[in-house]
Amino acid sequence: EGKVRDSKIRDVALSQDGKNMVAVVIHDAPKTLYLRVSQLVRDSRTEEHVHDIDISDEHEHLDSRFTLVLTYHPYGSIVATGASDGTLCVWDVSGESHANKLMKKKNIGTELTSIIFSPDGDRIASTDINKMIVIWDWKTGSGLHQYNTFHIKPIRCIAWSPDGKQLATCGDGKTIRVFDSKSSRILAGPLEGHQDGITGLVFSKGGNKLVSGGRDGTFRLWDISPTM
């Protein structure tokens with residue numbers, strides 16, 4: 001358990017080994033935006049605060065409408081953030097320095113609603129307010145793919161299958177779609193059943209099932225195995 005005084009936590013992410021946590025924090029007075037890096041204490045419900053990284057300089061208009069989403073790299077002390085101002089950044093969160101550790105920055109141009117690293121850590125998939133997916137090679141800074149998801153309402157979650165071959169999206173429109181991450185071909189969906197917006201989505205280890213949870217108070221298991 002941890003508490004940040006006079007601030008709002010916008011998102012959290014956990015490292016793959018479960019030892020470290022990063023939270024996106026907006027402090028009200030003065031208005032600042034930072035990443036709070038913590039270590040989780042073993043066999044305890046507490047976290048040990050390590051350091052903060054001020055990232056305010058990379059964003060404008062830190063008002064009540066500003067949002068930031070977060071994802072942790074699968075193999076290292078690296079996180080990516082996607083903001084409502086269209087900015088996607090990659091940060092080094094290792095060590096104890098409070099300095100700005102910006103590694104890469106890209107302006108997508110529209111409000112970002114969800115982001116995730118690929119299983120191999122080489123790419124970032126992001127969704128925006130226009131219901132588009134952009135797959136970005138963050139090491140070279142180049143965009144690999146951009147395509148329409150055909151969702152009617154904003155996307156709130158994106159999930160990458162363990163083998164990196166599929167991407168699934170969902171959100172306010174109560175449906176789920178599954179895509180081929182290279183060709184953008186729709187592999188499954190729209191999957192319907194939720195009665196309200198969907199707020200959580202994850203692939204099974206084998207990649208043939210999805211679990212979703214929504215504001216309707218239900219979670220659902222979907223079999224997306226290819227049909228013969």
Side-chain angles (χ1 to χ4, degrees), residues 10-16 22 24 67-74 78-90 104 106 108-138 143-194 196-215 219-222 224:
R10 292 300 175 93
D11 203 0
V12 294
L14 193 65
S15 62
Q16 193 79 5
V22 174
V24 176
T67 60
L68 199 77
V69 288
L70 180 68
T71 184
Y72 222 113
H73 191 280
I78 296 170
V79 300
T81 56
S84 53
D85 62 9
T87 304
L88 199 160
C89 297
V90 180
K104 292 284 184 177
K106 186 176 182 68
I108 302 298
T110 57
E111 177 181 345
L112 299 176
T113 57
S114 63
I115 57 173
I116 190 171
F117 275 106
S118 61
D120 61 11
D122 290 342
R123 294 161 291 164
I124 298 172
S126 63
T127 61
D128 65 23
I129 200 67
N130 296 323
K131 287 83 73 177
M132 301 291 290
I133 291 177
V134 176
I135 300 177
W136 181 46
D137 183 332
W138 68 271
L144 299 181
H145 301 287
Q146 181 173 348
Y147 49 89
N148 195 334
T149 63
F150 301 101
H151 284 282
I152 297 173
K153 294 185 178 181
I155 300 168
R156 300 301 175 190
C157 299
I158 186 168
W160 216 313
S161 63
D163 62 6
K165 295 181 179 180
Q166 301 175 82
L167 280 167
T169 55
C170 63
D172 294 348
K174 302 182 285 189
T175 62
I176 300 168
R177 286 177 167 83
V178 183
F179 303 88
D180 183 299
S181 63
K182 289 187 177 180
S183 70
S184 76
R185 181 169 61 93
I186 296 178
L187 302 176
L191 305 177
E192 300 175 323
H194 282 284
D196 205 340
I198 305 170
T199 55
L201 188 66
V202 64
F203 275 92
S204 65
K205 186 176 181 180
N208 62 331
K209 290 181 174 62
L210 281 167
V211 176
S212 61
R215 290 194 291 267
F219 64 88
R220 296 175 182 267
L221 177 65
W222 311 88
I224 55 171

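All heavy atoms count here, side chains included; hydrogens, waters and symmetry mates do not. This structure is a prediction, so every number in the text was calculated from the model and none was measured.
- More than 12 heavy atoms of other shown residues, nucleotides or ligands fall within 6.0 angstrom of atom CD1 in I129.
- Here the straight-line distance linking atom OG of S204 with atom CG of L210 works out to 7.5 Å at 0.5 Å rounding.
- Taking every heavy atom of both residues into account, I135 and Y147 meet most closely at CD1-OH, 4.0 Å.
- The distance from atom CD1 of I198 to atom CZ of R215, rounded to the nearest 0.5 Å, is 9.5 Å.
- For H73, there are no side-chain hydrogen bond (donor to acceptor under 3.5 Å, both in side chains) partners, not counting sequence neighbours.
- Residue G207 comes nearest to P162 through the heavy atom pair CA-CD, 4.1 Å, listed as atom of the first residue, atom of the second, then distance.
- Ring pair F117/W138 is perpendicular by interplanar angle, where above 60° counts as perpendicular and below 30° as parallel.
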- Task: Please assess I155 against C170 for the test side chain to side chain contact (heavy atoms under 4.5 Å, CB included), listing each intermediate value before the final yes or no.
- Result: CA-CA 5 Å; I155 300 168; C170 63; over 6 Å; no

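- In this structure, I116 CD1 and L167 CG are separated by 8.0 Å, a value rounded to the nearest 0.5 Å.
- Annotation for F203 and I224: closest pair CE2-CD1, 3.6 Å, computed over non-hydrogen atoms.
- In this structure T87 satisfies the side chain to side chain contact (heavy atoms under 4.5 Å, CB included) test together with H59, D85, C89, K105, sequence neighbours excluded.
- In this structure, OG1 in T81 is found 5.0 Å from CG in L68, a value given to the nearest 0.5 Å.
- I124 CD1 to K106 NZ: the interatomic distance, rounded to the nearest 0.5 Å, is 11.0 Å.
- Scanning all heavy atoms of the two residues, the minimum distance from N148 to M132 falls at CA-SD, 3.6 Å.
- The heavy-atom pair separating S118 from P74 by the smallest distance is O-CG, 3.6 Å.
- Looking at D163 and K205, no side-chain N of the basic residue comes within less than 4.0 Å of a carboxylate O on the acidic one, giving no salt bridge.
- With sequence neighbours excluded, the residues that form a side chain to side chain contact (heavy atoms under 4.5 Å, CB included) with V22 are L35, V37, L70, Y72, V79, V93.
- Taking a cutoff of 4.0 Å between a charged side-chain nitrogen and a carboxylate oxygen, R156 and D172 qualify as a salt bridge.
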- Task: Just do the side chain to side chain contact (heavy atoms under 4.5 Å, CB included) check on I158 and I115 with the steps written out, would you?
- Result: CA-CA 7 Å; I158 186 168; I115 57 173; 5.8 Å; no

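- Screening Q166, K165, R123 for a side chain to side chain contact (heavy atoms under 4.5 Å, CB included) with W160, the sole residue that qualifies is R123.
- Side-chain contact annotation: W136 with S126, donor-acceptor N/O pair under 3.5 Å absent.
- When every heavy atom of W222 is checked against every heavy atom of I176, the shortest pair comes out as NE1-CD1, 3.4 Å.
- Considering only residues two or more places apart in sequence or on other chains, N130 meets the side-chain hydrogen bond (donor to acceptor under 3.5 Å, both in side chains) condition with none of them.
- Applying the side chain to side chain contact (heavy atoms under 4.5 Å, CB included) criterion to T175, with sequence neighbours excluded, gives H151, R177, P190, E192.
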- Could you give me the CA-CA distance, side-chain angles and deciding distance for T149 and F179, then say whether side chain to side chain contact (heavy atoms under 4.5 Å, CB included) is met? CA-CA 8 Å; T149 63; F179 303 88; 3.7 Å; yes

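- Partners of T110 according to the side-chain hydrogen bond (donor to acceptor under 3.5 Å, both in side chains) rule, which considers only residues two or more places apart in sequence or in another chain, are D128.
- Remark: the T127 side chain and the S114 side chain contain an N/O donor-acceptor pair separated by less than 3.5 Å.
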